[in-house]
Amino acid sequence: MTSGATAGAGGRSPSGRAPVLAVGETLIDLIVADGAAGLEAAGAFASRPGGAPANVAVALARLGVPSAFLGVVGEDPFGRRLRSTLAAEGVDTSRLRGTAEADTSLAFAWKDARGDGHFRLLRLADRLLSGADVEAAGIPSVAAVVVGSVALAAEPSRQAVQAAVALASDSGVPVCFDANLRPTLWPDLAAARLACEPVIERATLLKLSLDDARALLGVGDDLVAALGAMRALPPRIAVLTDGARGSWFVADGVVRHVPAFPVQAVEPTGAGDAFTGALVARLVARGWTAPEEADLRYAAVAGALATTRPGAMDGLPTAAEVDACLAGG
Ligand code: ADP
């Protein structure tokens with residue numbers, strides 16, 4: 001049994017502008033909060049709304065771009081919390097389905113003794129995204145579709161996301177693929193590559209972190225090789241990000257480096273989602289022509305600001321905050 005209004009989805013936002021549709025997982029992040037080195041020793045967790053595509057939807061809304069989310073949560077307290085959080089942020093939740101067949105998905109996050117971050121995802125309700133959900137989502141009339149690799153890791157959400165991407169690209173709707181690869185979800189990297197391939201084929205914008213590029217392109221630590229491989233891929237616009245080292249853009253065959261905006265980082269979570277949301281916001285505004293220096297700086301500032309506050313969604317900056325930083329140099 002399911003609930004949640006998907007019927008009639010696909011309308012315009014109250015502003016009259018078509019929304020950017022983020023497709024995939026929204027879940028509760030359970031973050032080790034007592035400083036324990038590792039999940040084995042953890043005694044306390046902070047719970048926060050998350051899931052990369054949902055974070056991008058919130059990033060867009062905060063930047064003043066109408067956004068909507070397509071995914072599945074459980075009919076449980078965490079599912080209700082995610083629905084109300086997204087709605088309070090101004091994200092259109094009419095395509096967020098509630099199910100009694102599974103609980104809301106969870107993600108554990110912790111740091112090891114060396115301070116390196118780790119994730120463990122428990123995919124539950126989000127995995128149930130179906131072809132019927134995609135068909136009811138009004139994809140041909142959205143402004144763009146944003147997807148990631150987590151939903152590609154198991155059925156039926158894999159086929160649902162691949163169908164959403166095919167429908168968008170056949171309808172002339174730009175597709176952004178922000179990989180966010182989580183290796184623990186896959187039997188091996190070859191399986192991940194195979195599932196991501198048809199999405200990359202159809203994407204207008206490809207965003208990879210250096211870790212994503214290592215895993216999906218098999219380029220080791222060689223940045224030049226990663227950029228060369230990205231240049232050869234179908235997406236017209238490709239971006240490689242590497243935290244405080246900044247980002248590299250490939251557009252129309254030309255590679256440009258964009259330095260990171262210097263900030264006092266507190267927590268890196270959400271930087272990539274803020275960056276992707278901001279870049280999509282600028283590309284929507286410019287009709288998906290190749291980004292210019294100002295667009296790239298805008299995304300870099302959004303990513304940097306997201307690191308200055310804890311939380312994936314909580315830390316995402318508003319348009320006024322990004323503009324203030326840019327105005328201040
Ligand atoms: P992801 O979260 O996908 O791994 P990154 O950590 O590479 O993404 O961050 C995306 C972008 O956000 C970077 O290219 C950079 O512009 C900005 N950013 C991330 N971390 C920092 C930081 N510590 N200081 C300044 N900017 C940052």
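Scope of the values below: all heavy atoms of this structure, side chains included, with no hydrogens, waters or symmetry mates. The first residue in the sequence is number 1, and the count goes up from there. Every number for a ligand or one of its atoms is a count from 1 in the order of the listing.
- For the residue pair Arg83/Thr26, the side-chain donor-acceptor check at 3.5 Å is not satisfied.
- With a 6.0 Å cutoff to the six-membered ring centre and a 45° limit on the axis angle, Arg182 counts as a cation-pi contact of Phe119.
- Side chains of Asn180 and Ser149: no donor on one and acceptor on the other come within 3.5 Å.
- Between Arg202 and Asp170 a salt bridge is recorded (basic side-chain N to carboxylate O distance below 4.0 Å).
- In this pair, Phe45 and Phe108 present their aromatic rings perpendicular. The plane angle is above 60°, beyond the 30 to 60° band.
- For ligand 1, the 4.0 Å heavy-atom shell contains residues Lys207, Ser209, Thr241, Asp242, Gly243, Ala244, Gly246, Ser247, Ala260, Phe261, Val263, Ala265, Ala271, Gly272, Phe275, Ala300, Gly303, Ala304, Thr307.
- If you check the side chains of Ser130 and Asp133, you find a donor sitting under 3.5 Å from an acceptor.
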